[in-house]
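Just below is one structure, and these are the notes that go with it.
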Amino acid sequence: MAKTLGPVRREFAPWNDPDAVPYISFQNVTKRFGDFTAVNDLSLDIYEREFFALLGPSGCGKTTMMRMLAGFDAPSNGNVSLDGTDLTGIPPYKRPVNMMFQSYALFPHMSVEKNIAFGLKQERIANAEVKARVEEMLSLVKLEEFAKRKPHQLSGGQRQRVALARSLAKRPKVLLLDEPMGALDKKLREETQFELMDLQERLGMTFMIVTHDQEEAMTVADRIAVMDEGRIIQIATPTEIYEQPSSRYVADFIGDINLIEGRLTVLPEAEFADNLAIMQCPGIGSNSDVGLEIQVQCETTSDLAVGDRGWFAMRPEKIRLSHEVPEGLDPANPVNAVKGTIYDIAYLGDVSVFHVKINDDVIIRATQTNTTRLVERPLSWEDRVWLYWGADAGILLAS
Amino acid sequence: MKRTSWFNITSLVLGFSFLYLPILLLVIFSFNESRLVTVWGGFSTKWYSEMWQNQGLIDAAWVTLRVGLLSATIATVLGTMAALALSRHKRFAGRTLFSGMIYAPLVMPEVITGLSLLLLFVAIDFARGFWAVTLAHITFSMCFVAVVVQSRLVTFDRSLEEAASDLGCPPAKTFFVITLPVIAPAIIAGWMLAFTLSLDDLVIASFTSGPGATTLPMKIYSQVRLGVTPEINAVCTILLGLVTSGVLIASYLMRKEQQRSQFKSAAAP
């Protein structure tokens, strides 16, 4: 059976279907504020019923993208369309999208039910139907008892749910979520992320979330666009982003990773049937003749030629540690293994993080899950250990 | 830390006596039985009923009330508009000059404001009297309103307006159903301040008033020149009560609003 990247959450991948029609489409969109370019010639397609995340550090242009879809900012160049309609020139109050604001922006002088009813009252909907819809929304976010309260009488989590209910009440074509969980504490945030996922699947709506929290994006989203300085660096599913980053920027931004610089000595497929590349990693700077040689499975990207500079990227949790020579390894000619000295250990309870010094230039981080309470021969500071990993643990990056 | 020292207590007592003893005396003597202002003749409230017989005082009070209500209302509308323009449009030609000029009348000597308004009314041949006083009061109390409302707008969360717009509410309606109700406490506080200022203004009213438009402070001042009567003390006590409660309500509203916005920012950073 063919291997796949990580767990599959649901069978939903319109982006792989060449006949699928995009629901939201950004075409060559540029947005400038004075001299500052917030979004730079960016094109992006989002499909119906998708949960799409824009992820990036603050100032990368992700919020500007969302505000252009909502209508608060107009693109300097290019256009945004939704469900086949060009949105250019349509003011925010006439767009079929609703937004949940980072500050929640609840109307302080209105009760919870009036807040939720506000959007519905702007359309000519009969009072009875407004009432029914408000009740439906209140039960959806489990706030029935708080209908008459004012926002300042609610806790942070309750306010967040009111904001969510208010933005869902009009059943928009797209729900925009701007850092929706920024003000919640960690436990509540995790809970809310799962609730949000369920809600999106149940309502069958298109959600677009803006966040700087990679864990949040990976939890909720079908696809993630990693942004930096007004450009999209990579668009892919959470598993692809994590296991198959397209560049060092993405690899480093998402989770923890070891990046080892080196020179490619053997091209994939040239010598090995198993699609392997060999990289010579002399380390940078001094002691460069103490090379460490690493074999990498190189199924991706990279137009690397022999002699080119590249980076071997490997997640800490994919590395194993052992005092003894790993089974089947030739210590004189190690493949996917390297020897080092334990330099630092951080015990975090569920996992332990080891910093292993290979030479003066290279320190590799490895995490081990603490699967048992007691350990027979614990790893300790200054121990000489073997680091080893499977052929599909790492990836070779060109940039 | 030493909590009390004789020095502190003495300076406090002296300071507050200096500030409030004259006012206290006025209030006490308004309840004096005797016609002689400085001789205590027993407790009585007769001057409070007597003053209603003084038609001149009643007329003046009526003028003052009308000027106060009218000028405070118009000043509130204009001042709120100025505050909105200043806080919303961060960049327009002459913004710094304009915002500086809004604050200047706060510290302008009243004599100068009064004199220049008098010159203006004479120059354009505007009849001095009720309307002139009202206009003059609008002029100087407007900037107080603008300052109060502007300080509220600084902390106003613009995303409230965006949220309303996002939910389908057009801009003009958003202003009336969202912006205005949210900043209402500041606007009411501004109105209170403007009303109070108009109520106790003597200098500017003296410059711009004409026959038949004597305000209460003017009336009191002119009567006192002929000798203080307990009647005047009674009127002043009522005026004092009005002004004090106006200022108290205004500051209460502003503090409540401040607490609410602090609570909001603490809960959702």
Does any backbone or side-chain atom of B:A184 lie under 4.5 Å from a heavy atom of chain A? Answer side chain, backbone, both or neither. neither
Keeping A:Q122 on the side-chain end and A:F118 on the backbone end, is there a donor-acceptor pair under 3.5 Å? yes
Does a donor on one side chain sit under 3.5 Å from an acceptor on the other, for A:D213 and A:T211? no
Checking A:R166 against chain B: side chain, backbone, both or neither under 4.5 Å from a heavy atom? both
N/O donor-acceptor pair under 3.5 Å between A:Q200 side chain and A:M205 backbone: yes
Is B:K173 close enough and on-axis enough to B:F175, meaning under 6.0 Å and within 45°, for cation-pi? no
Report which part of A:M100 has an atom under 4.5 Å of a heavy atom belonging to chain B: side chain, backbone, both, or neither. neither
Which atoms of A:K170 approach chain B - backbone, side chain, both or neither, heavy atom under 4.5 Å: side chain
Let me know if A:F107 has heavy atoms under 4.5 Å from chain B in its side chain, its backbone, both or neither. both
Taking the six-membered ring for Trp, are A:F207 and A:F52 ring centroids under 6.0 Å apart? no
